[in-house]
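Report on the structure given below.
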Amino acid sequence: MSGVSARLALLGNPNCGKTALFNQLTGSRQKVANYSGVTVERKEGRMRGPSGREYAVLDLPGAYSLQPASLDEAVTRDLCRGFYPGEAAPDALICVIDATNLRLHLRFVLEVRELGKPMIVALNMVDAARRRGIVIDVPALEKALGVPVVETVAVQRNGARTLVERIDELVPQLANTPLQPVDAGADYHAQVRDILASAVSMPTRTGKIDDALDRWLLHPVYGLLTLAVVMFLIFQAVYAWATPLMDGIEAGFGWLGTLVAEHLPKGPLSSLLVDGIIAGVGGVVVFLPQILILFFFILALEESGYLPRAAFLLDRMMSAAGLSGRSFIPLLSSFACAVPGIMSTRSIQDPRDRLATILVAPLMTCSARLPVYALLIGAFIPQKTVGGVFNQQGLVLFGLYVAGIVSALLMSWSMKKFRRDKSEHPLMLELPSYRLPNPRDLAVGLYERAMIFLKRVGGIILSLTILLWFLLSFPAAPENAPLPAIDYSFAGQLGHAMAAFFAPLGFNWQICIALIPGMGAREVAVSSLATIYALSAPDDDAAIQGLTPIISDGWSLATGLSLMVWFIYAPMCISTLATIKRETNSWKQMAFATFYLFAAAYLASLVTYQVAKAMGAG
């Protein structure tokens, strides 16, 4: 490679901080693609050492072993050995390990060392290890492993500076004197025990605390009850904590809309800014506090070491539904967004379980649905306390999430019944130690999620909002038109044409219009409704009112419930469908996912609306 002194490969177990370290080393000088012939992501970047040497750095897929049990691990093994077609073999390996979980990670180091490649061990998360009282004798660890060991903190600024310096110093030397392949025998665990005894001091209280907590949290009854309570409290908090912040954001956008409307003459520009951009974007941004609260809990559970235990706890239940405990984390990730959730199924070893997880991941209630649910719940579910403790709106939100989960399990159970191979594959997990989440790590994670959300608002959501405003505003109504101007627009005509098909679900033509841009991003359904009703309002005062009172007055309860149910199932996100195609490499599987999700959405909404209407909610 022109101008490159050496080609380095970062490898390690999943969740060792490898990708964060890759970002530290390469910064913005990186590119992402896929390896040829497979759907596994390929990330490569450039790094410059203090000497001025340029290095190519490849971030290999996470692997627990070089004896592959998944596609990711097979790619990592072949690349390390120089066998992958079209990929040059790395000159040196940087094996990243978690300093708080050496019992698991050192086994992988011993396996990698057998390759005989020049390598450096990056001892990551040393700050977290120190906080927990873990003392690591780095020189003794180097001696036991026979390779250089460098401490890093990938999430801190300059946390990889020492590693960069050692790479610049050692890689040219290591490349000229490669390790000899080491036959470590089969008993890696015995070797790890010896290394830990000679180089690591673990506080005994940590193991005792872990055992005590596991007796309760992994109990087949108490553990499941605890998990249910935790998830229930999360959705209560989404409403209880977010309300003041949401009120402030809504008031801010209302003030801005009023200010712009007062200082601009009536016309297309004023309508675009007030009715299109401010009403549309403001209708989505107001839900940022709820999304961040949800992410706060997910990140905290992940940091604490609880999520693998939840996967273990749910394995038997998920196996009965045709999945495995390994499906839990991808499905939980899909609560944030189905795209990374589907991509994370690469770690699932069984191809049948992986495909089933991919196909049901869209049923998990992603954060993009949260603005829609919050709007509809706020409009139709009274804000009151149930049993003197629980928020009724939070109870409904929890019920919508549970409906998605139950539907996913029923769908995977149905797929299991029709597959030929009905053999079971046991789950094997090594559980990390419990740890208190680092406030800085949580803050960084929340900041990243907020930026992702706001970039969507400033990118696709803003673009679709402006496009929808144009379709709703043009062509203008003819003189002396008997209907509102919006009825004569391109979007109004399309909405009226769709209304006949969706009428049995209780959807009016405004809802039909909002469903179309919602295919690009579910949140856009809210901004679309805000724009539609702002343009159809009789005067400026009505146009700048909040969307919630408008739809609560204009829609029936049956329609509101039907639309909530629609969003549990509907294939409303093109990105998710594209990811299904890429990960399965099959148009057939993508078409199947689209069909079953749309059919389930239509049927469930139809039943909901007709039953609610019959009960007097119409």
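Every heavy atom of this structure was used, including side-chain atoms; hydrogens, water molecules and symmetry mates were not.
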Open item on the list: Counting C-beta onward and ignoring hydrogens, is there a side-chain heavy-atom pair between Val611 and Met615 closer than 4.5 Å?
Closed with: yes
TODO: Would you check, one step at a time, whether the test side-chain contact (heavy atoms from CB on, under 4.5 Å) holds for Leu446 with Phe295?
DONE: CA-CA 7 Å; Leu446 290 176; Phe295 276 121; 3.9 Å; yes
TODO: State, to 0.1 Å, how close Leu21 and Ala154 come at their nearest heavy-atom pair, and which atoms those are.
DONE: N-CB, 3.6 Å
Task: Check: Trp566 ring centroid to Phe502 ring centroid under 6.0 Å - done: yes
Open item on the list: Could you check whether any side-chain N or O of Ser562 sits under 3.5 Å from a backbone N or O of Ala558, counting only pairs where one atom can act as donor and the other as acceptor?
Closed with: no
Task: Main-chain N/O of Ala63 paired to Asn13 side chain as donor or acceptor, under 3.5 Å - done: yes
Open item on the list: Going by side chain to side chain donor-acceptor pair (under 3.5 Å), name the pairs with one or both residues in residues 591-607, residues two or more places apart or in two chains.
Closed with: none
Task: Residue pair Val96 / Leu11, side-chain heavy-atom distance below 4.5 Å - done: no
- [ ] With rounding to the nearest 0.5 Å, note down the distance linking OH in Tyr64 to OG1 in Thr76.
- [x] 12.5 Å
Open item on the list: Which residues pass the ring pair (Phe, Tyr, Trp, His ring centres under 6.0 Å) test with Tyr222, not counting sequence neighbours?
Closed with: Trp216, His219
Task: Donor-acceptor contact present, side-chain Asp127 to main-chain Val153, <3.5 Å - done: no
- [ ] To the nearest 0.5 Å, tell me how far Tyr306 OH sits from Leu217 CG.
- [x] 6.0 Å
Task: Within-4.5 Å side-chain heavy-atom neighbours: Val285 and Phe253 - done: yes
- [ ] Answer whether the closest heavy-atom distance between the side chains of Met317 and Leu224 falls below 4.5 Å.
- [x] yes
Task: Residue list, side-chain hydrogen bond (donor to acceptor under 3.5 Å, both in side chains) with Asp98, at least two apart or on another chain - done: Thr100
Task: Atom pair OH/CZ of Tyr373 and Phe567 - distance to nearest 0.5 Å - done: 8.5 Å
- [ ] Might you point out which heavy atoms bring Ala321 and Lys416 nearest each other, and give the distance in Å?
- [x] C-CD, 4.4 Å
Open item on the list: Tell me whether the count of non-hydrogen atoms from other residues, nucleotides or ligands lying under 6.0 Å of OH in Tyr447 goes above 12.
Closed with: no
Task: Stepwise side-chain hydrogen bond (donor to acceptor under 3.5 Å, both in side chains) check, Ser556 with Thr559 - done: CA-CA 5 Å; Ser556 68; Thr559 294; 3.2 Å; yes
Open item on the list: For Lys581, is there any backbone N or O sitting under 3.5 Å from a side-chain donor or acceptor partner on Gln589?
Closed with: no
Task: Aromatic contact, Trp555 with Phe507 (centres under 6.0 Å) - done: no
- [ ] Indicate yes or no for a side-chain donor-acceptor contact from Ser552 to the backbone of Pro549 under 3.5 Å, with no hydrogens or angles considered.
- [x] yes
Open item on the list: Restricting to non-hydrogen atoms, name the atom on Leu102 and the atom on Ile97 that form the minimum distance, rounded to 0.1 Å.
Closed with: CD2-CD1, 3.7 Å
Open item on the list: Ignoring hydrogens, what is the shortest heavy-atom contact between Thr608 and Ala604? Give both atom names and the distance.
Closed with: OG1-O, 2.7 Å
- [ ] Would you please name every residue forming a side-chain hydrogen bond (donor to acceptor under 3.5 Å, both in side chains) with Arg215, sequence neighbours left out?
- [x] none
Open item on the list: Could you work out, with side-chain hydrogen bond (donor to acceptor under 3.5 Å, both in side chains) as the rule, every residue matching Asp247, not counting sequence neighbours?
Closed with: none
- [ ] Establish, yes or no, whether the cationic atom of Arg369 lies under 6.0 Å from the six-membered ring centre of Phe335 and within 45° of the ring axis.
- [x] no
Open item on the list: For Pro504, is there any backbone N or O sitting under 3.5 Å from a side-chain donor or acceptor partner on Gln610?
Closed with: yes
Open item on the list: For a 4.5 angstrom cut-off between non-hydrogen side-chain atoms, does Leu331 reach Leu363?
Closed with: no
Task: Ile249 vs Pro289 side-chain heavy atoms within contact, under 4.5 Å - done: yes
- [ ] Over all heavy atoms of both residues, which pair between Ala99 and Met125 is shortest? Give the atoms and the distance, please.
- [x] CB-O, 3.9 Å
TODO: List the atom of Leu359, the atom of Ala593, and the distance in Å for their closest heavy-atom pair.
DONE: CD2-CB, 4.0 Å
Open item on the list: With rounding to the nearest 0.5 angstrom, report the OG1 to CD1 distance, Thr365 to Ile568.
Closed with: 6.5 Å
Task: Gap between atom CD1 of Ile293 and atom CD1 of Ile234 - 0.5 Å precision - done: 11.5 Å
Task: Whether Asp210 side chain and Tyr434 backbone form a donor-acceptor pair below 3.5 Å - done: yes
Task: Test log, rule side-chain contact (heavy atoms from CB on, under 4.5 Å), inputs Arg130 and Val126 - done: CA-CA 6 Å; Arg130 291 191 189 104; Val126 290; 3.8 Å; yes
TODO: With sequence neighbours excluded, tell me which residues meet side chain to side chain contact (heavy atoms under 4.5 Å, CB included) with Pro437.
DONE: Ala300, Glu303, Ser304, Leu442
Open item on the list: Counting C-beta onward and ignoring hydrogens, is there a side-chain heavy-atom pair between Val230 and Phe297 closer than 4.5 Å?
Closed with: no
Open item on the list: Using the side-chain hydrogen bond (donor to acceptor under 3.5 Å, both in side chains) criterion, which residues pair with Thr19? Sequence neighbours excluded.
Closed with: Asp59
Distance-only criterion, 3.5 Å: show the donor-acceptor pairs between side-chain atoms of residues 398-409 and protein atoms not counting sequence neighbours.
residue: Ser407; atom: OG; partner: Ala403; partner atom: O; Å: 2.7
residue: Ser407; atom: OG; partner: Tyr569; partner atom: OH; Å: 2.8

Task: Heavy-atom side-chain proximity of Leu323 to Asp353 below 4.5 angstrom - done: no
TODO: Could you pull out all residues at least two apart from Ile358 that satisfy side chain to side chain contact (heavy atoms under 4.5 Å, CB included)?
DONE: Ile342, Thr345, Arg354, Ile580, Glu583, Thr584
Task: Non-neighbouring partners of Val229 that pass side chain to side chain contact (heavy atoms under 4.5 Å, CB included), sequence neighbours left out - done: Leu233
Task: Side chain Lys18, main chain Pro61, donor-acceptor under 3.5 Å - done: no
Open item on the list: For Lys384, is there any backbone N or O sitting under 3.5 Å from a side-chain donor or acceptor partner on Gln393?
Closed with: no
TODO: Please check if the side chain of Thr548 supplies one atom and the backbone of Ala379 the other of a donor-acceptor pair under 3.5 Å.
DONE: no
Open item on the list: Working note: Gln290 + Met246, criterion side-chain contact (heavy atoms from CB on, under 4.5 Å); need CA distance, chi angles, decisive distance, verdict.
Closed with: CA-CA 8 Å; Gln290 291 181 320; Met246 294 176 68; 3.4 Å; yes
Task: Residues which pass side chain to side chain contact (heavy atoms under 4.5 Å, CB included) with Leu307, listed by chain and number, not counting sequence neighbours - done: Leu301, Glu302, Phe328, Leu332
Open item on the list: To the nearest 0.5 Å, what is the distance between OG1 on Thr357 and CE on Met364?
Closed with: 10.0 Å
- [ ] Any chance you could lay out the side-chain contact (heavy atoms from CB on, under 4.5 Å) test for Leu529 and Ile550, step after step, and finish with the verdict?
- [x] CA-CA 10 Å; Leu529 287 171; Ile550 294 176; over 6 Å; no
Open item on the list: I need the full list of side chain to side chain donor-acceptor pair (under 3.5 Å) pairs touching residues 292-301, with sequence neighbours left out, sorted by first then second residue.
Closed with: none
